[in-house]
Number of protein chains: 2
Amino acid sequence: MPPKRNYGQFCSLARALDLVGERWTLLIVRDLLAGPRRYKDLMDGLPGIGANLLAARLKHLEETGLVKRSNPQFANKAYMLTDTGRKLEPALVALADWGQFLLEHPQGKDLWLAQWNHLALKARFKAEKAAGLDEIYAFQIGDYAYYLWVTNGKLVTGEGRPPKFQCLITMEPEPFIKVFVDGSLELEEAMNSGLLELEGSQEAFQRCLGLFTGEGG
Amino acid sequence: MPPKRNYGQFCSLARALDLVGERWTLLIVRDLLAGPRRYKDLMDGLPGIGANLLAARLKHLEETGLVKRSNPQFANKAYMLTDTGRKLEPALVALADWGQFLLEHPQGKDLWLAQWNHLALKARFKAEKAAGLDEIYAFQIGDYAYYLWVTNGKLVTGEGRPPKFQCLITMEPEPFIKVFVDGSLELEEAMNSGLLELEGSQEAFQRCLGLFTGEGG
DNA sequence: CGGAATCCTCTTCGATACTG
DNA sequence: CAGTATCGAAGAGGATTCCG
């Protein structure tokens with residue numbers, strides 16, 4: 001094994017990039033921030049990575065203590081972040097926040113996964129609008145379920161269906177993208193045509209929308 | 001010119017990394033956050049980059065609107081960040097903050113430049129301790145002068161000697177590293193032995209130190 | 001079938017040499 | 001000083017194969 005390439009600078013940014021600055025690495029962390037993932041799950045969300053590279057990255061992340069394998073007692077073995085790895089979230093949110101202006105409207109043929117909303121929504125979350133709120137908003141986008149829990153002016157997100165919620169939004173990915181991502185479909189229209197199914201409190205849904213810049217999600 | 005490699009994902013983090021995720025790019029941005037820099041300055045602060053790569057990165061950053069060349073009317077032509085580029089600062093600070101645990105004490109033979117303090121100090125700044133303060137702390141580390149301006153609970157940094165200041169710390173890089181970076185020399189001892197020269201208010205200097213985690217800088 | 005190791009080709013990097 | 005040119009070395013990407 002060749003001596004890993006590094007910047008040789010006594011600077012915490014350079015050190016951080018020595019660890020997670022290689023191609024794909026931060027995207028792997030992004031996907032693991034949404035929850036534990038198996039090798040195959042990661043492959044599916046990272047088209048083009050190549051099996052060897054993903055394996056190498058995971059091994060490196062494991063060796064450096066950012067990723068661990070879930071306890072075999074649980075269902076399928078999977079990769080998940082350690083506490084150290086999870087602490088990267090603010091940095092990823094900051095980068096995602098910066099990168100929002102690069103999301104041009106015509107989506108082209110890029111991949112889009114509902115699980116990326118965890119990061120995208122944290123980047124767009126307006127904490128000052130959440131004061132005093134304590135609500136849970138559930139989403140079902142295609143077969144991917146997640147929820148937003150707003151409490152203490154903070155946004156916590158999770159996967160799956162929460163035990164209780166103020167409202168539940170059910171949509172297929174295509175209309176979701178059109179309404180909340182590229183804005184090519186009006187929210188009103190989606191609701192009228194049944195592409196957006198809302199269960200629970202209409203007012204909670206409106207409050208949810210208000211927590212993010214333009215629209216919500 | 002081959003079509004630039006990109007992740008092909010509709011995700012603002014992936015888009016951000018398409019732009020600034022390549023090797024060296026964020027370190028170039030870091031150095032430009034401290035102030036305008038000429039080609040040579042950047043080369044000196046990025047040992048190992050190779051002239052062609054630096055040229056390629058700068059060209060790319062210029063094309064994508066993160067970097068511009070300073071107006072020729074000023075002294076030497078230099079590279080500097082655009083507004084878009086400067087907005088990367090919070091993301092770099094967040095990454096640098098995360099990376100602090102990687103700064104082991106024995107510094108080895110890594111490069112260290114005083115200008116990296118701009119980022120390092122922003123990463124370590126404790127905003128809650130700055131409430132009500134409005135002070136300027138000047139530093140002269142070797143031949144590099146910079147200052148910290150704490151106002152409105154925020155930390156603003158700049159290069160050069162500020163027109164006024166509450167205190168001025170003068171040190172050579174080696175003792176500075178020992179005292180403030182790797183902790184191998186006690187602050188008291190440095191002051192007593194004249195390695196740290198303090199001009200102005202001793203109390204202001206103590207307040208300055210209090211604004212950062214362990215020690216100050 | 002999920003999780004990799006292997007092979008091979010292509011691109012990028014890094015170091016040095018060279019030019020305006 | 002500010003880059004361009006060149007070339008060997010390292011890394012990335014894709015397919016295939018192996019292992020459990």
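Per chain, numbering begins at 1; letters A, B, ... match sequence-line order. Only heavy atoms go into these numbers, but all of them, side chains included; no hydrogens, no water, no symmetry mates.
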Nearest-Å distance, [atom1] ([X]) to [atom2] ([N])?
X: B:I49; N: C:dT16; atom1: CD1; atom2: P; value: 15 Å
X: B:R69; N: D:dC1; atom1: CZ; atom2: C1'; value: 13 Å
X: B:M43; N: C:dG14; atom1: CE; atom2: C1'; value: 10 Å
X: A:N6; N: C:dG14; atom1: CG; atom2: P; value: 11 Å
X: A:K40; N: D:dG20; atom1: NZ; atom2: P; value: 22 Å
X: B:E62; N: D:dA2; atom1: CD; atom2: P; value: 14 Å
X: B:L27; N: C:dC13; atom1: CG; atom2: P; value: 13 Å
X: B:L58; N: D:dA2; atom1: CG; atom2: P; value: 11 Å

No-H, no-angle donor-acceptor pair, B:N52 side chain to D:dG3 base, under 3.5 Å: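 Absent.
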
Should [X] be listed as having a side-chain N or O under 4.0 Å from OP1 or OP2 of [N]?
X: B:R5; N: D:dG11; answer: no
X: A:R23; N: C:dT12; answer: no
X: B:Y79; N: D:dG3; answer: yes
X: A:W24; N: D:dG11; answer: no
X: A:R38; N: C:dC1; answer: no
X: B:R57; N: C:dC13; answer: yes

Student check: side-chain heavy atoms of B:K178 and B:L195 closer than 4.5 Å: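 Contact flag for B:K178/B:L195 side chains = no.
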
Heavy-atom side-chain proximity of B:R86 to B:L33 below 4.5 angstrom: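 In contact.
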
Polar side-chain atom of B:E62 near backbone of B:K68 as donor-acceptor pair, under 3.5 Å: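 No; zero donor-acceptor contacts below 3.5 Å.
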
Short N-O contact, A:D44 and A:K40, less than 4.0 angstrom: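 Yes, charged N to carboxylate O under 4.0 Å.
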
Closest to side chain of B:A51, choosing from D:dG13, C:dG3, D:dT4: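 The answer is D:dT4.
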
Ring-ring centroid check B:W149 B:F165, cutoff 6.0 Å: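 Distance test on ring centres: not under 6.0 Å, no.
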
